[in-house]
S.K.: 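Could you have a look at this structure, given as structure tokens, before my questions?
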Amino acid sequence: MQVSVVGSGYVGTTIAACLADLGHDVVAVDIDQAVVDAINAGDSPIHEPGLDERIAEHAGGRLRATTDYGVLPDTDLTFLAIQTPSNADGSIDTSALEAASEMTGEALAGRPEDGGSQVVDEHVVVVKSTVLPDVVDARLAPRIKAHAGDRVSVAANPEFQREGSAVADFLAPDKLVFGTAPGDERALDALHECYAPLLEARAADGHDVPIVETDVPTAMMVKYANNAFLAAKVSLINDLGNVCKTYGIDTYEVADAIGLDDRIGAKFLRSGLGWGGSCFPKDVAAIVHAAREHGYEPRMLQAAIDVNDHQPERMLELLEKHVDVDGARVAVLGLAFKPGTDDVRNSRAIPVIDGLQERGADVVAYDPVATENMREHFPDLEYADSAASALHGADAALVTTDWDEFQALDDEFDAMHSKVIVDGRRVIEPQDDLTYDGLTW
Ligand SMILES: NC(=O)C1=CN([C@@H]2O[C@H](COP(=O)(O)OP(=O)(O)OC[C@H]3O[C@@H](n4cnc5c(N)ncnc54)[C@H](O)[C@@H]3O)[C@@H](O)[C@H]2O)C=CC1
Ligand SMILES: O=C(O)[C@H]1O[C@H](OP(=O)(O)OP(=O)(O)OC[C@H]2O[C@@H](n3ccc(=O)[nH]c3=O)[C@H](O)[C@@H]2O)[C@H](O)[C@@H](O)[C@@H]1O
């Protein structure tokens, strides 16, 4: 199948490389020339395990990149994987996605001045971006169809991959959700054809992937409900964890026990500093905002946000029990919002660093891959090139991301001025000569 993917960020690059791996001919379209150049040179524009190899293997073959929307009519199906960031009030900013929809419609209509060289007979545009249930039909499809007409179907296929394991998640999904307009067989057939090689590969490994066929608004609501449920699950274990801590009980022991109950499940029970990233905070805020616009107050979801917002403050309060933060040199270990990624969007390290600076600390930060991205937030912060050098001479260290390499830290603590560790991710093994405090244990 000929597939185009518009938007080559975390999602777009992953699905473009994976679809090429599955045998499709894929063209990635992005307005960022640097991103396009990287892919064509066989390099990944983002840090994601398994992506480098796939891009290196397929670039120049089944995978190419361009800034030219004129390639769209030569493909059968176009995914839109454009960012949908939060506005200050929690609603989502769909302007970039709307612009991309407009450009997609123009290209499919074959207007030469918009990069189109031919009028397509039939085409399917699939929205991968996460948008509220009414956005595809109200704001995206009209922009595409105004130019390209009803020869083009517009469908939704929300994505459930996680950063840090995006390739593995995309290739082994728990489910696929196909949202199409009622009776739109063209869209449904195209989605089935696109995913057929993935389903065959999973079947060969003995796994059936359930496919949920539904309408477009329900497909997007599934995406929001999925993320809201997981974020709330983490907030609930953090809330319970804060209670456990007041009794001196280890929340991880409790979580292991409750996770044995099938109705609860063992995943997403790691308590600590809370959830960050480009999606949980954005998506929970968006659904809360939308609910209020419709006159409903979503109390559980707001509570999930409140608990999450408070965990960094709890970390700083714990630190204050052990050191006088004003003037202290504090090492922050971990800047990415989770391990395995260089993404710092809404990283919990950001409010922690803000809080340290407000309290007059001298902060030194380290992350194995996310330092450059964090420089955009904190250009004047001191960045160390290893955990060992961050710890050297520090009065305390805060663990903010659960990178594996922090587990191996041992003698490095000896170079600290005072060996105080506040662990927000349960990474460090407590030792007799360390003053060790966990956030919820
Ligand atoms: N990051 C993730 O792991 C996941 C993200 N999502 C959703 O997927 C969507 C995309 O997210 P990310 O990949 O993280 O965003 P991103 O910000 O990493 O990538 C967006 C890309 O679109 C490009 N772009 C912007 N306007 C364009 C235009 N008019 N034409 C062509 N390219 C354009 C940008 O240059 C950028 O490379 C969002 O709605 C997000 O909520 C869903 C599941 C997972
Ligand atoms: O819509 C999205 O973008 C994606 O959002 C999340 O994926 P992601 O944000 O990449 O990473 P997660 O592994 O879900 O972690 C999110 C945050 O929760 C935190 N977390 C996660 C699990 C846990 O037990 N405890 C915990 O604090 C992580 O540290 C991280 O800050 C969802 O897990 C994906 O299914 C979804 O596709």
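In listed order, ligands and their atoms are each counted from 1.
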S.K.: Do Thr67 and Ile31 make a side-chain contact, defined as non-hydrogen atoms from C-beta onward lying under 4.5 Å apart?
M.R.: no

S.K.: Check the surroundings of atom CG in Asp205: do more than 12 heavy atoms from other residues, nucleotides or ligands lie under 6.0 Å from it?
M.R.: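 Yes, the 6.0 Å shell around CG holds more than 12 heavy atoms from other groups.
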
S.K.: Among all the protein's non-hydrogen atoms, which is closest to atom 19 (O) of ligand 1, and how far away is it?
M.R.: Gly9 CA, 3.1 Å

S.K.: Between Arg162 and ligand 1, is there a nitrogen or oxygen pair with a distance under 3.5 Å?
M.R.: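 Checking ligand 1 against Arg162, no N or O pair falls under 3.5 Å apart.
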
S.K.: Numbering the atoms of ligand 1 from 1, which are under 4.0 Å from a heavy atom of Val6?
M.R.: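 The atoms of ligand 1 under 4.0 Å from a heavy atom of Val6 are 30 (N), 31 (C).
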
S.K.: Any idea which part of Ser278 is under 4.0 Å from ligand 1, heavy-atom wise: side chain, backbone, both or neither?
M.R.: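 Side chain only.
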
S.K.: List below, pair by pair, the N or O atoms of ligand 2 and of the protein that are less than 3.5 Å apart, including the distance to 0.1 Å; reply 'none' if no pair qualifies.
M.R.:
unit_1	atom_1	unit_2	atom_2	d
ligand 2	1 (O)	Lys223	NZ	2.7
ligand 2	1 (O)	Asn227	ND2	2.8
ligand 2	10 (O)	Glu163	N	2.7
ligand 2	11 (O)	Lys338	NZ	3.3
ligand 2	13 (O)	Lys338	NZ	2.8
ligand 2	24 (O)	Leu269	N	3.3
ligand 2	24 (O)	Arg270	N	2.8
ligand 2	25 (N)	Arg270	O	2.9
ligand 2	27 (O)	Arg425	NH1	3.3
ligand 2	29 (O)	Arg425	NH1	3.4
ligand 2	31 (O)	Gly276	N	2.9
ligand 2	31 (O)	Phe337	O	2.9
ligand 2	35 (O)	Phe160	O	2.7
ligand 2	37 (O)	Glu159	O	3.4
ligand 2	37 (O)	Phe160	O	3.2
ligand 2	37 (O)	Gln161	N	3.4
ligand 2	37 (O)	Gln161	O	2.6
ligand 2	37 (O)	Lys223	NZ	3.0

S.K.: Ion pair present between Asp402 and Arg426, side-chain N to carboxylate O less than 4.0 angstrom?
M.R.: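 Arg426 and Asp402: not salt-bridged.
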
S.K.: Can you pull out the closest protein heavy atom to atom 5 (C) of ligand 1? Residue, atom name and distance to 0.1 Å, please.
M.R.: Val11 CG2, 3.1 Å

S.K.: Any idea which protein heavy atom is nearest atom 26 (N) of ligand 1, and the distance to it?
M.R.: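 Heavy-atom neighbour on the protein nearest atom 26 (N) of ligand 1: Ile31 CD1, 3.4 Å.
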
S.K.: Which value, rounded to the nearest 0.5 Å, describes the distance between Lys338 atom NZ and Arg162 atom CZ?
M.R.: 5.5 Å

S.K.: Lys223 heavy atoms, cut-off 4.0 Å: which ligand 1 atoms fall inside?
M.R.: 43 (C)

S.K.: For ligand 1, is any non-hydrogen atom under 4.0 Å from Phe170's backbone (N, CA, C, O), its side chain (CB onward), both, or neither?
M.R.: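 It is neither; nothing of Phe170 touches ligand 1.
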
S.K.: If you compare all heavy atoms of Pro142 against all heavy atoms of Asp137, which two are closest, and at what distance to 0.1 Å?
M.R.: CD-O, 3.2 Å

S.K.: Quick test: of every protein heavy atom, which one is nearest to atom 25 (C) of ligand 1, and how far off is it to 0.1 Å?
M.R.: Gln83 OE1, 3.4 Å

S.K.: Under a 4.0 Å N-O cut-off, is there an ion pair linking Arg375 with Glu372?
M.R.: yes

S.K.: For atom 14 (O) of ligand 1, which candidate among Lys282, Arg345, Gln161 holds the nearest heavy atom?
M.R.: Arg345

S.K.: Is it true that Glu122 and Arg151 have a side-chain N and a carboxylate O under 4.0 angstrom from each other?
M.R.: no

S.K.: Could an N or O of ligand 1 be found under 3.5 Å from any N or O of Tyr69, whether backbone or side chain?
M.R.: yes

S.K.: Checking a contact table here: which protein heavy atom is nearest atom 42 (C) of ligand 1, and how many Å away?
M.R.: Thr130 OG1, 3.6 Å

S.K.: Does ligand 1 have a heavy atom under 4.0 Å from the side chain of Pro158, from its backbone, from both, or from neither?
M.R.: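 Under 4.0 Å from ligand 1, Pro158 contributes no heavy atoms.
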
S.K.: Is it true that atom CG of Asp89 has more than 12 heavy atoms of other residues, nucleotides or ligands lying nearer than 6.0 Å?
M.R.: yes

S.K.: Looking at atom 36 (C) of ligand 1, what's its closest protein heavy atom, distance included?
M.R.: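 Scanning the protein heavy atoms, the shortest distance from atom 36 (C) of ligand 1 goes to Asp30 OD2, 3.5 Å.
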
S.K.: Identify, by atom number and element, the atoms of ligand 1 in contact range of Tyr10, meaning under 4.0 Å from any of its heavy atoms.
M.R.: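 What qualifies from ligand 1 is 1 (N), 13 (O), 14 (O), 18 (O).
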
S.K.: Pick one of side chain, backbone, both or neither for how Ile82 approaches ligand 1, counting any non-hydrogen atom pair under 4.0 Å.
M.R.: both

S.K.: List ligand 1 atoms under 4.0 Å from Met103, heavy atoms only on the residue side.
M.R.: 29 (N)

S.K.: Does the side chain of Arg139 come under 3.5 Å of the side chain of Thr94 through a donor N or O and an acceptor N or O?
M.R.: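 Thr94 and Arg139 do have a side-chain donor-acceptor pair below 3.5 Å.
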
S.K.: How about CZ on Arg202, more than 12 heavy atoms from neighbouring residues, nucleotides or ligands closer than 6.0 Å, or not?
M.R.: yes

S.K.: Before signing off on this row, confirm whether Glu163 and ligand 1 have an N or O atom pair separated by under 3.5 Å.
M.R.: yes

S.K.: Looking only at protein heavy atoms, identify the closest one to atom 43 (C) of ligand 1 and say how far it is in Å.
M.R.: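 That would be Glu159 O, 3.3 Å.
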
S.K.: Relative to the ring of Tyr195, is the ring of Phe170 parallel (under 30°), tilted (30 to 60°) or perpendicular (over 60°)?
M.R.: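 Because their plane-to-plane angle lies in the 30° to 60° range, the rings of Phe170 and Tyr195 count as tilted.
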
S.K.: Below 4.0 angstrom, N of the basic side chain to O of the carboxylate: do Arg345 and Glu163 qualify?
M.R.: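 Yes, Arg345 and Glu163 are salt-bridged.
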
S.K.: Quick one: do Arg62 and Asp21 make a salt bridge, cutoff under 4.0 Å?
M.R.: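 Asp21 and Arg62: not salt-bridged.
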
S.K.: Under a 4.0 angstrom heavy-atom cut-off, which atoms of ligand 1 come close to Cys279?
M.R.: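 Reading through ligand 1 atom by atom, the close ones are 4 (C), 5 (C), 6 (N), 41 (O).
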
S.K.: Where's the contact between Gln33 and ligand 1, heavy-atom distance under 4.0 Å: side chain, backbone, both or neither?
M.R.: neither

S.K.: Grab the two heavy atoms, one from Ile15 and one from Gln161, that are nearest each other, plus how far apart they are.
M.R.: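 So the minimum-distance heavy-atom pair works out to CG2-NE2, 3.9 Å.
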
S.K.: Answer yes or no: are there more than 12 heavy-atom neighbours, outside Asp261 itself, under 6.0 Å from its atom CG?
M.R.: yes

S.K.: For ligand 1, which atoms, with element, lie under 4.0 Å from some heavy atom of Ser8?
M.R.: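 The list of qualifying atoms is 21 (C), 37 (O).
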
S.K.: Is it true that Thr84 and Lys282 share a donor-acceptor pair across their side chains at a distance under 3.5 Å?
M.R.: yes

S.K.: Would you say Asp283 and ligand 1 have an N/O pair spaced under 3.5 Å apart?
M.R.: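 It does not: no N or O of Asp283 is found under 3.5 Å from an N or O of ligand 1.
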
S.K.: Using atom types as modelled and distance alone, determine if a side-chain donor or acceptor of Lys245 lies under 3.5 Å from a backbone N or O of Asp250.
M.R.: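 The answer is no, because no donor-acceptor pair under 3.5 Å joins these two groups.
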
